[in-house]
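When reading the values below, keep in mind they use all heavy atoms of this one structure, side chains included, and skip hydrogens, waters and symmetry mates. Quick caveat, the model's predicted, so the values are computed rather than measured. Residue numbers start from 1 in every chain, and the chains themselves are labelled A, B, ... in the order their sequence lines are given, proteins ahead of strands.
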2 protein chains.
Amino acid sequence: MVKITDVARHAGVSPSTVSYALSGKRPISEETRQRVEEAIRELGYRPHAGARALASSRSNVLALVVPLRAGIHVPVVMQFAVSVVTTARRHDHDVLLLTQEEGEDGLRRVADTALVDALIVMDVQLHDPRLDLLRSLERPSVLIGFPAEPAGLTCVDLDFKAAGEACVEHLARLGHRVVALVGSPPEVYVRGTAFAQRVVQGFTAAADRGGLSSSVHPCEATPAAARLVAEQLLREQPALTGIVVHNEAILEPLTDAFEQLGLRVPGDLSVTAICPDEIAESVRVPVTSVALPSAELGERAVQLLMKKLDGGAVPDATLLAPRITERASTAPRNT
Amino acid sequence: MVKITDVARHAGVSPSTVSYALSGKRPISEETRQRVEEAIRELGYRPHAGARALASSRSNVLALVVPLRAGIHVPVVMQFAVSVVTTARRHDHDVLLLTQEEGEDGLRRVADTALVDALIVMDVQLHDPRLDLLRSLERPSVLIGFPAEPAGLTCVDLDFKAAGEACVEHLARLGHRVVALVGSPPEVYVRGTAFAQRVVQGFTAAADRGGLSSSVHPCEATPAAARLVAEQLLREQPALTGIVVHNEAILEPLTDAFEQLGLRVPGDLSVTAICPDEIAESVRVPVTSVALPSAELGERAVQLLMKKLDGGAVPDATLLAPRITERASTAPRNT
DNA sequence: GTCCCCCGTCGAAGCGCTTCGACGTCACGC
DNA sequence: GCGTGACGTCGAAGCGCTTCGACGGGGGAC
């Protein structure tokens, strides 16, 4: 193995000079730097990661904790992970993969052994048992999602309120005046899952602002429940022409139900959704949707972490602007 | 930070004794071990990963290179990755995530800097540019998939020949006598992609062995092509009652085509496939299939790597036995 | 001309751990 | 009763890198 002393000898300088030439932490003359770089190239030198970590107390590795729960949309996770790795590499860092399964012990382990410099935790729950640990850890972390009590933590997520607004505004722009939100199962709202409620807030606010008539309908994640909601909507709001779905599982069943009830999508009814693109694209009538911007999320998470590692201050909350993708399920109102 | 000397002092022994108590590389009296363990617990000691890596030239980290190519089925990759992480943890190792994108430089980097002890490379191509590099690296590696020239490498994959056989045998057991294989696009066979050809071998061998009449039909990954193949099959082999599909993209279109041509699945025609479970389950008529056993693949890959790291000898090729899952698409022959 | 300071470089001291050789002790064999 | 291991422990020497303090030399300020 070729080490820094070899490079130093070959370049006719001291090891510390090689180190400084590499890190740029002290001024090195242009000429010396050249010689060092050439020596490095000729010898094929690669600094030993462990030695570096030991001496500098920086491993240049980030931990990424991915969820395993059922119901998590795998492509979204993967996209996020790839984005994290790619962005981390641009900042000269690597990524250690941890599973949710490892839990708090896993976080503590990689943090305390100095295996990683910082952590990214996906799929944060409202009352996540890991929150206290993350707060107490001496290493910076970024959470994807918002817990109930985010104080002292750095969180990143889609701006679900704006997402709700974006869907309504899209429908309003197409001339729709009566809209409904078909949401997540009731227990999700009862649990107080922040993001579901924020969609409702955005939906309602935008409808009010635009003078639309609106209503909100939680819905179980079953085709039967979707059918019931569809029937109820037609009965109670015959003038309904636009809906927002925030419940991936019933996207297709709900559309089917409406069509069976005689409404064509998008002829009679325009449908928008908040769901992963894969789902929006794979249903029978591809649906205009706001997706979780996983790639951007990953990038931002890493950027925030880098700033924290540099000792910089970062906002506690980062909300990403929704981006709506128009597909076949929305059309101007049929006048 | 609490270090090994703190533990040593607290336990009234020397640092080396603590180290040996931890690693078990030298005999330590039961009593001393107890004292050391207690000291560790009381002080909350965690060995510094970098220091350990430097002193022992073992980082206890594995690199996992995941593919990004389009056409790769994401859930399979994710399942594999999770399995690798889980298994690695059981062997006291962590996993560093690399993307295909990093290419050869990435492999060289993590290997040469001693960031990782060994590598797992997914989605190996027939003439993968990384092969020579992996062969020349001083660190062990395991490939998922088989390249054209696997000499000097350790490869793991599904036994595709046995998978082809399993499908035929399943159909034979149900009484089917005339079967067809609808395979991958022609260019896949021309390119000599080993696994596609091995499916054909297994399919043909099992059919011959069982006295079935059989035929093989490459097929483009488009609904139109599927339709053509279906028509051709019906025309040329009216007695056909069983098919094996090795082409994820046309699973649904092909079934649709047959039904439109008047054949019911599984009433008139039994369908088996070699494809990820997610796909087999998500088509209209869930299809009896052999899946890529990603979890098992990940586990085996790690086990092989561990053996190599211990200096053990491992087989060049490891083929995993196929497991067929019966679903709604197969039934006894309609006599 | 002198003083000061900055630039560029060096030497040495660790970073926290593993591992090698050494050493004392004890039990056993002959 | 003494040699011979095996056992259990210790001390010290690194592993390869970063970083701190120091130092010589040159340029600017006065």
Participant: Looking only at side-chain N and O atoms, does B:K3 come under 4.0 Å of OP1 or OP2 in C:dC17?
Facilitator: no

Participant: Give the rounded distance in Å between these two atoms: CG of B:D6 and C1' of C:dC17.
Facilitator: 13 Å

Participant: At how many degrees, to 10°, do the end axes of the helix from C:dG1-D:dC30 to C:dC30-D:dG1 meet when each uses five pairs?
Facilitator: 30°

Participant: Answer yes or no: is there a donor N or O on one side and an acceptor on the other, between the side chain of B:T87 and the main chain of B:V84, under 3.5 Å?
Facilitator: no

Participant: Nearest whole angstrom, please: distance from the C1' of D:dA13 to the CD1 of B:I4.
Facilitator: 15 Å

Participant: Any base atoms under 4.0 Å from B:S56, or only sugar-phosphate, or nothing? Heavy atoms, all strands.
Facilitator: sugar-phosphate

Participant: From CG of B:L54 over to C1' of D:dT18, roughly how many Å is that when rounded to an integer?
Facilitator: 12 Å

Participant: State whether B:E299 and B:R90 are salt-bridged, where the test is any N-O pair (Lys NZ or Arg NE/NH1/NH2 against Asp/Glu carboxylate O) under 4.0 Å.
Facilitator: yes

Participant: Any chance you could lay out the side chain to side chain donor-acceptor pair (under 3.5 Å) test for B:S16 and B:S19, step after step, and finish with the verdict?
Facilitator: CA-CA 5 Å; B:S16 52; B:S19 178; over 6 Å; no

Participant: Which whole-number value in Å describes the distance from B:N60 CG to C:dC17 P?
Facilitator: 14 Å

Participant: Measuring from the side chain of B:S16 (C-beta onward, heavy atoms only), which nucleotide among C:dG16, D:dG16, D:dA12 has the closest atom?
Facilitator: D:dA12

Participant: If you count heavy atoms of other groups shown closer than 6.0 angstrom to CZ of B:R58, is the number above 12?
Facilitator: yes

Participant: Indicate the atoms forming the closest heavy-atom contact of B:C155 with B:G145, along with that distance.
Facilitator: CB-O, 3.5 Å

Participant: Could you tell me whether a side-chain N or O of A:S83 sits under 3.5 Å from a main-chain N or O of A:Q79, the two making a donor and an acceptor?
Facilitator: no

Participant: Consider the side chain of B:R52, meaning its heavy atoms from C-beta on, and name the nucleotide among C:dC17, D:dC10, D:dT18 that approaches it most closely.
Facilitator: C:dC17

Participant: Is the CZ atom of A:R300 crowded by more than 12 outside heavy atoms at less than 6.0 Å?
Facilitator: no

Participant: Identify, between A:T17 and A:M1, the residue whose nearest nucleotide on DNA chain D lies closer to the 5' end.
Facilitator: A:M1

Participant: Can you tell if the side chain of B:L62 reaches within under 4.5 Å of the side chain of B:L305, non-hydrogen atoms only?
Facilitator: yes

Participant: Among the candidates C:dT9, D:dC15, D:dG16, find the nucleotide nearest to the side-chain atoms of A:I28.
Facilitator: C:dT9

Participant: Could you check which of D:dC17, C:dC10, C:dG16 has an atom nearest any side-chain atom of B:H48?
Facilitator: C:dG16

Participant: Under 3.5 Å, is there an N or O donor on one side and an acceptor on the other linking the side chain of B:R26 and the base of D:dT9?
Facilitator: yes

Participant: Using a cut-off of strictly less than 4.0 Å between a heavy atom of the residue and any atom of DNA chain C, enumerate the qualifying residues of residues 29-47 of chain A by number.
Facilitator: A:S29, A:T32

Participant: Taking the side chain of B:Y20 as its heavy atoms from C-beta onward, which of C:dG11, D:dT9, C:dT19 lies nearest to it?
Facilitator: C:dT19

Participant: Is any NZ, NE, NH1 or NH2 atom of the basic residue among A:E38 and A:R35 found under 4.0 Å from an Asp or Glu carboxylate oxygen of the other?
Facilitator: no

Participant: Taking atom P of C:dG21 as reference, at what distance in whole Å does atom NZ of B:K25 sit?
Facilitator: 15 Å

Participant: So does A:E101 have more than 12 non-hydrogen atoms from other groups sitting under 6.0 Å from CD?
Facilitator: no

Participant: Given the structure, check if the side chain of A:S14 and the base of C:dG11 hold any donor-acceptor pair shorter than 3.5 Å.
Facilitator: no

